[in-house]
There are 4 protein chains.
Amino acid sequence: MDPILSSIKDQELVEKRRNQMIKGAMTLFKEKGFHRTTTREIAKASGFSIGTLYEYIRTKEDVLFLVCDSIYQQVSERLEAQIDLNNSSVDHFKNAIRSYFRLMDEMQEEVLIMYQEVKSLEKEIKEYVLQKERDMVSMLERVISTCFPGSISQRDRELLANNIFIQGQMWGFRRWMLQKQFTLEEYMDRQIHFLMSSITASE
Amino acid sequence: MDPILSSIKDQELVEKRRNQMIKGAMTLFKEKGFHRTTTREIAKASGFSIGTLYEYIRTKEDVLFLVCDSIYQQVSERLEAQIDLNNSSVDHFKNAIRSYFRLMDEMQEEVLIMYQEVKSLEKEIKEYVLQKERDMVSMLERVISTCFPGSISQRDRELLANNIFIQGQMWGFRRWMLQKQFTLEEYMDRQIHFLMSSITASE
Amino acid sequence: MDPILSSIKDQELVEKRRNQMIKGAMTLFKEKGFHRTTTREIAKASGFSIGTLYEYIRTKEDVLFLVCDSIYQQVSERLEAQIDLNNSSVDHFKNAIRSYFRLMDEMQEEVLIMYQEVKSLEKEIKEYVLQKERDMVSMLERVISTCFPGSISQRDRELLANNIFIQGQMWGFRRWMLQKQFTLEEYMDRQIHFLMSSITASE
Amino acid sequence: MDPILSSIKDQELVEKRRNQMIKGAMTLFKEKGFHRTTTREIAKASGFSIGTLYEYIRTKEDVLFLVCDSIYQQVSERLEAQIDLNNSSVDHFKNAIRSYFRLMDEMQEEVLIMYQEVKSLEKEIKEYVLQKERDMVSMLERVISTCFPGSISQRDRELLANNIFIQGQMWGFRRWMLQKQFTLEEYMDRQIHFLMSSITASE
DNA sequence: CATGAATGAGTATTCATTCAT
DNA sequence: AATGAATGAATACTCATTCAT
């Protein structure tokens with residue numbers, strides 16, 4: 001599904017140009033945020049003229065959507081690649097969480113963008129993006145279900161998945177606080193340690 | 001410390017006008033965010049003219065700072081009021097966490113503002129605000145130290161304090177996800193339950 | 001009635017600035033038409049900045065309305081001043097028509113603006129302007145009624161008033177055709193001559 | 001004479017494409033006027049691409065010219081078809097006027113376009129169009145000459161022809177005023193009645 | 001102290017036109 | 001001949017900030 005209209009017919013070209021746009025805009029949004037970035041700057045950073053930019057989107061908000069969507073897409077894909085729902089070992093659980101934390105570490109800046117700009121999106125489009133977030137939490141939840149079948153209640157699984165989810169994000173957007181005290185490895189170790197106690201306590 | 005300059009001499013008046021401003025601006029920021037709110041709207045919502053507004057601040061960002069500062073002030077004060085560092089019982093710990101969660105529930109919208117707009121602040125001013133956040137995490141940390149003296153390491157205390165801190169915030173800014181599944185009481189119960197296992201595991 | 005909103009409170013100032021605007025815009029509209037005139041040009045021709053312009057109007061169309069309204073106002077006032085509904089002599093009728101024709105001669109360019117741009121106005125505002133035109137035709141109709149009481153039917157009076165009305169306008173906006181062949185005096189003489197025959201024929 | 005250059009050699013094709021263009025553009029101009037219609041819309045309404053459009057014209061104004069020219073062409077042709085300069089009866093005169101009025105009734109919208117957009121044309125092209133209008137007035141004048149030979153002066157004939165001409169147009173572009181009061185038949189009857197008195201008075 | 005009129009740099013967006021394919 | 005992607009000048013409108021009263 002692609003809710004952003006373009007007046008260009010060649011779909012491959014649309015894809016290509018939009019990727020340029022996303023790349024250019026992402027850099028700018030990281031630097032100065034969505035509101036302080038102008039459409040001209042986006043066009044320039046994307047390597048084409050302002051007129052061309054508007055052949056591929058209708059409003060500046062469309063760019064924000066494309067950027068947000070692309071971030072989720074990346075995160076989802078990479079997360080999905082790390083998760084094997086046929087492997088129900090505790091080690092696989094730990095590895096999956098570690099993968100997720102590492103992913104969040106690599107994508108710190110992108111995730112920060114999301115946190116700060118999503119609320120600027122139009123209602124409908126926002127809903128679409130939030131759904132993606134729900135999907136990701138669901139993935140974490142499913143890993144829990146797979147690796148700890150049986151005794152954890154549905155709601156506890158949901159809650160724990162949410163906790164994991166934001167602990168990963170926290171590593172990125174609270175780096176000014178955490179990254180003075182912990183290396184990523186240390187952070188992961190301790191969080192997973194606590195998590196395991198919680199899970200054990202839940203069973 | 002009050003880093004915002006005003007051309008008005010009468011300090012009491014400055015305080016009064018700024019409180020009007022904070023109240024007016026907060027409402028607007030909740031509705032439409034900082035960037036979409038104009039200084040004229042702020043002046044109007046505050047009950048005075050645009051000229052008067054600029055007698056008490058120098059830039060629009062100053063308003064954002066005042067609002068953010070005020071939010072932290074409120075949260076800090078209320079949190080501090082609930083914490084008794086002489087009481088080292090586990091029950092007091094649980095009650096303190098509950099108080100904090102309830103506080104976050106009441107101040108959902110204010111906390112959301114902070115999350116989304118702080119990065120718009122100037123570096124120096126941002127630092128000042130982030131320090132406030134550190135202070136609050138420290139308060140939570142001290143409660144942990146007090147109620148679970150001995151075996152938890154300094155870093156584990158820090159990490160747990162951070163976890164509590166963001167779980168409180170999460171209740172507010174992820175309400176679209178959590179508040180469909182949990183009532184506040186349920187959320188608090190389960191989070192505290194998990195927390196206790198983590199603490200026990202840490203000792 | 002003044003349907004154009006301004007953010008300026010001082011009503012006298014609003015009036016003054018709008019008169020500046022009307023004067024500046026009228027010159028530009030005569031030269032190049034509404035669509036080819038930019039708001040910046042209007043501001044400059046009015047003697048203030050673009051920002052100030054927009055303190056007194058909301059959209060460019062508002063300027064068009066103000067200009068159109070002002071033209072009708074002038075025409076109406078001057079026409080009204082020439083008509084004496086207590087004088088029922090045929091000479092007064094002829095003089096009234098002459099006055100109207102002379103007025104149209106003086107205001108050729110303004111009338112041309114009206115003809116070409118009114119359709120650009122929004123529906124509601126257009127209706128307001130068209131009503132003014134109806135009022136003017138009514139004035140002519142009343143002169144006919146006064147000076148030729150009795151036998152002319154209501155509809156004939158209306159039709160004749162319309163004919164007079166557009167014959168006056170025609171002198172202005174078909175000057176490229178008529179003013180090579182006729183002086184204003186000649187034109188008036190002949191039109192009034194034909195008019196009198198029509199009226200006589202109608203009685 | 002065809003003052004609009006095209007880069008296409010095949011004259012028949014040029015004609016065909018331009019007719020498509022005129023048809024498409026006319027619809028759009030009626031709806032929203034020349035200035036509010038984009039070249040892309042014209043291309044689309046004409047059934048070909050924007051690139052193709054520009055193979056047959058050089059500027060957007062060219063389209064306006066083609067449309068205006070086509071309207072006059074149609075009106076001229078149809079008027080000419082109704083006039084028989086060998087028939088000098090008064091009835092033929094009346095019939096000719098009636099034909100013209102009916103024509104104006106059918107072509108109300110087209111005539112309205114002309115009235116409002118001609119001034120947007122470049123000087124030279126405008127002159128060309130105005131000449132067409134002169135030709136049409138001449139045709140009416142010749143009917144008068146033919147049916148009322150003798151005593152009417154040249155200038156009176158011209159003036160009367162102009163009066164008829166604009167009374168016809170008036171029916172269209174003042175329909176909001178006239179068509180509430182008159183049916184076309186009534187309007188024609190009365191106007192011809194008045195006209196006959198004027199002519200009689202002139203002889 | 002308070003007011004609000006004035007300012008103009010800044011911004012998103014449009015659209016006529018070109019030109020390589 | 002036909003296409004449609006690319007261009008960028010142009011434009012309406014906004015809004016933070018100033019300053020005379």
Side-chain angles (χ1 to χ4, degrees), chain A residues 6-10 13-14 16-17 35-43 47-63, chain B residues 6-10 13-14 17 35-44 47-63, chain C residues 6-10 13-14 16-17 35-43 47-63, chain D residues 6-10 13-14 17 35-44 47-63:
Chain A
S6 164
S7 55
I8 301 301
K9 298 183 176 174
D10 181 341
L13 190 56
V14 171
K16 182 183 156 195
R17 291 276 177 265
H35 283 103
R36 296 197 204 280
T37 301
T38 68
T39 52
R40 288 188 128 83
E41 286 171 323
I42 296 171
F48 34 71
S49 72
I50 183 67
T52 301
L53 182 76
Y54 274 90
E55 292 286 325
Y56 294 91
I57 51 158
R58 270 169 324 141
T59 69
K60 191 185 168 191
E61 266 214 355
D62 284 356
V63 182
Chain B
S6 162
S7 56
I8 303 300
K9 300 288 144 80
D10 181 342
L13 189 55
V14 171
R17 291 277 179 263
H35 283 103
R36 294 197 207 280
T37 300
T38 69
T39 50
R40 284 174 133 93
E41 288 170 323
I42 295 171
K44 197 174 179 190
F48 37 71
S49 72
I50 183 68
T52 302
L53 183 77
Y54 273 87
E55 295 288 324
Y56 295 91
I57 52 159
R58 269 168 325 139
T59 69
K60 190 185 169 192
E61 269 214 355
D62 285 354
V63 182
Chain C
S6 164
S7 54
I8 301 300
K9 299 181 177 178
D10 181 341
L13 190 56
V14 171
K16 182 182 155 195
R17 291 276 178 266
H35 283 103
R36 293 197 207 280
T37 301
T38 69
T39 52
R40 286 187 129 83
E41 287 171 323
I42 296 172
F48 34 72
S49 71
I50 182 69
T52 300
L53 182 76
Y54 274 90
E55 293 285 327
Y56 294 91
I57 51 158
R58 270 169 326 141
T59 68
K60 191 186 169 190
E61 267 214 355
D62 284 354
V63 182
Chain D
S6 163
S7 55
I8 304 300
K9 301 288 145 82
D10 181 341
L13 189 55
V14 171
R17 290 278 179 261
H35 283 102
R36 295 197 206 280
T37 301
T38 69
T39 50
R40 284 174 133 93
E41 288 171 323
I42 296 171
K44 197 174 179 191
F48 36 71
S49 72
I50 183 68
T52 302
L53 182 77
Y54 273 88
E55 295 289 325
Y56 295 91
I57 53 159
R58 270 168 324 137
T59 70
K60 190 186 169 192
E61 269 213 354
D62 285 355
V63 182

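Labels below follow one simple rule: chain letters A, B, ... track the order of the sequence lines, proteins then strands, and each chain is numbered from 1.
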Starting at atom [atom1] of [X], determine the distance to atom [atom2] of [N], rounded to an integer number of angstrom.
X: Glu41(C); N: dC13(F); atom1: CD; atom2: P; answer: 15 Å
X: Leu53(A); N: dA12(E); atom1: CG; atom2: P; answer: 10 Å
X: Asp62(A); N: dT14(E); atom1: CG; atom2: P; answer: 11 Å
X: Ile57(D); N: dT17(E); atom1: CD1; atom2: C1'; answer: 10 Å
X: Asp10(A); N: dA6(F); atom1: CG; atom2: C1'; answer: 14 Å
X: Lys9(B); N: dC1(E); atom1: NZ; atom2: C1'; answer: 12 Å

For [N], take OP1 and OP2 only and decide whether either is under 4.0 Å from a side-chain N or O of [X].
X: Tyr54(C); N: dC13(F); answer: yes
X: Thr39(B); N: dA16(F); answer: yes
X: Ser49(C); N: dA6(E); answer: no
X: Arg17(C); N: dA6(E); answer: yes

Taking the minimum atom-to-atom distance to the side chain of [X], which one of [options] wins?
X: Glu55(A); options: dA6(F), dG4(E), dA1(F); value: dA6(F)
X: Thr52(C); options: dA1(F), dG10(E), dT7(E); value: dT7(E)
X: Leu13(A); options: dA5(F), dA2(E), dT7(E); value: dA5(F)
X: Lys60(D); options: dA16(E), dA12(F), dA12(E); value: dA16(E)
X: Ile50(C); options: dT17(F), dT14(F), dT7(F); value: dT14(F)

Once you round to the nearest 0.5 Å, how far does [atom1] of [X] lie from [atom2] of [Y]?
X: Ile50(D); Y: Thr52(D); atom1: CD1; atom2: OG1; result: 9.0 Å
X: Thr38(B); Y: Lys44(B); atom1: OG1; atom2: NZ; result: 10.0 Å
X: Tyr56(A); Y: Ser7(A); atom1: OH; atom2: OG; result: 8.0 Å
X: Arg17(D); Y: Glu55(D); atom1: CZ; atom2: CD; result: 11.0 Å
X: Leu53(B); Y: Arg40(B); atom1: CG; atom2: CZ; result: 11.5 Å

**Study point:** Glu61(C) vs Gly47(A), nearer the 5' end of DNA chain F by closest nucleotide
**Key:**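 Its nearest nucleotide lies further toward 5', so the answer is Gly47(A).
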
What contact category does [X] fall into here, base, sugar-phosphate, or nothing, at under 4.0 angstrom with non-hydrogen atoms?
X: Ser7(B); value: nothing
X: Thr38(C); value: sugar-phosphate
X: Ser6(D); value: nothing

**Study point:** Ring geometry between His35(D) and His35(C) (parallel below 30°, tilted from 30 to 60°, perpendicular above 60°)
**Key:**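 His35(C) and His35(D): parallel rings.
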
Practice item. Both distances under 3.5 Å, Watson-Crick or G-U wobble: report the partner of dT21(E), or none. Key: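 Base-paired to dA2(F).
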
Exercise for review: Find the partner of dC13(F): check Watson-Crick (N1-N3 plus N6-O4 or O6-N4) and G-U wobble (N1-O2, O6-N3) distances, both under 3.5 Å, and reply none if neither fits.
Suggested key: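 When the pairing criteria are applied, dG10(E) turns out to be the nucleotide that pairs with dC13(F).
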
Practice item. Between Arg36(A) and Arg58(D), name the one whose nearest nucleotide on DNA chain E is closer to the 5' end. Key: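 Whichever sits nearer the 5' end wins; that is Arg36(A).
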
**Study point:** Toward the 5' end of DNA chain E, by each residue's nearest nucleotide, Arg40(B) or His35(D)
**Key:**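 Its nearest nucleotide being more 5', the pick is Arg40(B).
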
